[in-house]
Protein chains: 2
Amino acid sequence: MDTPPVVGRRERKKAATRQAIADAALELFLERGYDRVSIRDIAEAADVSTTTLFKHFPGKEALVFDQEEDREAELIAAVRQRPAGQGIVGALREHVLASRLRVATHPLRTEFTDLVDSTPALQEYAERMWTRHTAALSAAIADDAGVSHDNIACRALARFVLDIPVLTRGLRDPRTAVEEVFDLLTHGWHLPSQRLHVHNGD
Amino acid sequence: MDTPPVVGRRERKKAATRQAIADAALELFLERGYDRVSIRDIAEAADVSTTTLFKHFPGKEALVFDQEEDREAELIAAVRQRPAGQGIVGALREHVLASRLRVATHPLRTEFTDLVDSTPALQEYAERMWTRHTAALSAAIADDAGVSHDNIACRALARFVLDIPVLTRGLRDPRTAVEEVFDLLTHGWHLPSQRLHVHNGD
DNA sequence: TAAAAAAGTGCAATTGGTCCACTAATTGTC
DNA sequence: GACAATTAGTGGACCAATTGCACTTTTTTA
């Protein structure tokens with residue numbers, strides 16, 4: 001009568017434990033701040049041993065970033081499933097703008113963002129995780145463009161696009177900044193003299 | 001009768017201690033490998049307490065990268081003191097190519113490079129240190145171009161240029177790869193259809 | 001020459017992370 | 001349904017990096 005156990009009890013329990021740990025961690029972090037919470041505190045709160053905790057997460061920072069694979073998948077999807085007639089760079093531009101907007105307007109994520117922004121260790125980790133998507137994005141671009149996976153133009157484009165969120169963090173007008181950098185990527189820094197062509201002279 | 005103490009004894013001794021620590025560390029690392037050497041080993045070899053060691057270096061990785069300020073200064077100098085008539089991007093291109101060549105051909109640095117390449121913790125640290133120069137390089141570019149320090153085009157250029165060494169690491173023909181990425185930075189990814197313009201088709 | 005400044009010491013404590021031998025639940029199999 | 005192989009979880013000892021603290025010694029400075 002029950003739904004057939006497509007996924008066994010074991011896996012379900014494992015997932016539950018993992019979730020309990022992640023939940024406990026986030027709650028404590030938000031409450032006390034990242035470095036005022038020890039691994040042992042978290043294990044305690046989730047009622048598991050520290051050994052178990054480390055079987056689910058490779059390190060303390062990883063407790064905070066639980067869903068990076070999803071972000072990577074979205075990135076790839078933005079390239080692969082873009083509307084017909086749209087270029088790769090254009091698709092990435094829209095994806096970057098959209099995700100920035102999503103984060104900025106989602107009030108629930110505010111405290112999460114604050115946590116990361118106020119903790120150097122987490123900022124670093126986030127950045128490292130993010131640029132680690134370079135290989136996957138580069139591969140997706142190469143596939144789509146019909147060139148080899150190790151094509152340098154693809155790798156560079158992937159890396160530079162992934163840099164953009166970091167590059168435009170904390171600006172008065174992030175949207176414009178993102179657009180501007182994408183324009184630069186599209187048209188290049190063609191400076192006949194020594195002058196950079198810039199839109200907002202500030 | 002002695003040379004006047006332009007720099008006092010204290011500072012000299014301090015510098016000597018620091019150097020002794022760095023030397024001991026490098027020697028041990030090259031001999032045994034990074035993670036088979038403990039901080040205590042190093043302190044012991046340099047004949048100081050671990051407390052003293054940490055007063056000179058903020059962490060274990062920092063023992064290996066002692067001269068990052070010099071690299072940053074070279075970077076800035078490459079922009080500021082470039083030959084008349086040369087553009088900023090051109091100057092950076094030559095600087096990147098030159099430093100890559102310098103490292104690649106200096107046989108003494110080979111074992112050092114091997115050490116870093118074979119130690120994930122050091123690779124990460126190196127990359128982090130390197131991209132930390134973004135702000136300084138960006139400021140230098142902005143000054144030179146006569147725009148505001150927080151100009152986004154300058155920040156983006158600085159960041160992307162600093163990405164190039166890591167982007168082109170371990171390729172069969174790094175020189176060509178570097179040139180190619182600089183070409184892309186100069187002319188942009190102008191893709192009317194979905195096609196990337198690439199020189200080497202694989 | 002007195003005293004402020006700063007380098008260095010020794011040691012205990014904290015903390016992230018690993019190791020290992022062991023229990024117990026789950027699963028696949030006959 | 002019993003049995004053996006997996007595998008999640010345990011608990012606690014253990015390691016190494018890093019910090020804090022109270023203290024000594026040297027150098028500088030007034």
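Throughout, protein chains are lettered first and strands after them, A, B, ... in sequence-line order, and every chain is numbered starting at 1. Given the structure is predicted, the values throughout are model-derived calculations rather than measurements.
A cation-pi geometry, defined here as NZ or CZ lying under 6.0 Å from the six-membered ring centre and within 45° of its normal, holds between R18(A) and F57(A).
Separating the CG atom of L53(B) from the C1' atom of dA17(D) is a distance of 11 Å, rounded to the nearest angstrom. Between R9(B) atom CZ and dT28(D) atom C1' there is a gap of 10 Å when expressed in whole angstrom units. The separation between R12(A) atom CZ and dA25(C) atom C1' is 13 Å, rounded to whole Å. Rounded to whole Å, the distance from CG on D41(A) to C1' on dT15(C) is 10 Å. Atom OH of Y34(B) is separated from atom C1' of dA16(D) by 11 Å (rounded to the nearest Å). When the P atom of dA13(D) is taken as reference, atom CZ of R40(A) falls 12 Å away, rounded to whole Å. To the nearest angstrom, C1' of dC15(D) lies 16 Å from CZ of R36(B). Rounded to whole Å, atom C1' of dG12(D) lies 15 Å from atom CZ of F54(A).
Checking dG8(C), dC14(D), dG9(D) against the side-chain heavy atoms of T17(B) singles out dG8(C) as nearest. In this structure, of dC11(C), dT18(D), dG17(C), it is dG17(C) that holds the atom nearest to the side chain of K60(A). Relative to the side chain of I39(B), the nucleotides dT9(C), dT27(C), dT18(D) differ in distance, and dT18(D) lies closest. When the nucleotides dG16(C), dT10(D), dA16(D) are ranked by their closest atom to the side chain of V48(A), dT10(D) comes out on top. With dA17(D), dT28(D), dA7(C) as the choices, the nucleotide that has an atom nearest any side-chain atom of K14(B) turns out to be dA7(C).
Considering every non-hydrogen atom in both P120(A) and S118(A), the closest pair reads CD-O, 3.7 Å.
Ring orientation note: the planes of Y34(B) and F29(B) are tilted relative to one another, at an angle of 30° to 60°.
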| request: Let me see the working for R93(B) and Q86(B) under side chain to side chain donor-acceptor pair (under 3.5 Å), right down to the final yes or no. | output: CA-CA 11 Å; R93(B) 176 190 342 227; Q86(B) 187 178 40; over 6 Å; no
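Each of K13(B) and E61(B) has a nearest nucleotide on DNA chain D; the 5'-most of these lies closest to E61(B). Between T50(B) and P58(A), the residue anchored nearer the 5' end of DNA chain C, judged by the nucleotide with its closest heavy atom, is T50(B). A residue-by-residue look at R10(B) and K55(B) shows that K55(B) has its nearest nucleotide of DNA chain D further toward the 5' end.
Taking 4.0 Å as the cut-off between side-chain N and carboxylate O, E124(A) and R132(B) count as a salt-bridged pair.
In this structure, T52(A) reaches the dT10(D) phosphate: one of its side-chain N or O atoms is under 4.0 Å from OP1 or OP2. The shortest distance between the side-chain N/O atoms of H56(B) and the OP1/OP2 oxygens of dG8(C) is below 4.0 Å.
Side-chain N/O atoms of S49(A) and base N/O atoms of dG9(D) include no donor-acceptor pair closer than 3.5 Å. Judged by distance alone with a 3.5 Å cut-off, a donor-acceptor contact links the side chain of T51(B) to the base of dG10(C).
In terms of modelled atom types and a separation under 3.5 Å, the side chain of R82(B) and the main chain of V79(B) share a donor-acceptor contact.
S38(A) comes within contact range of the sugar-phosphate backbone alone, with a heavy-atom separation under 4.0 Å but no base atom that close.
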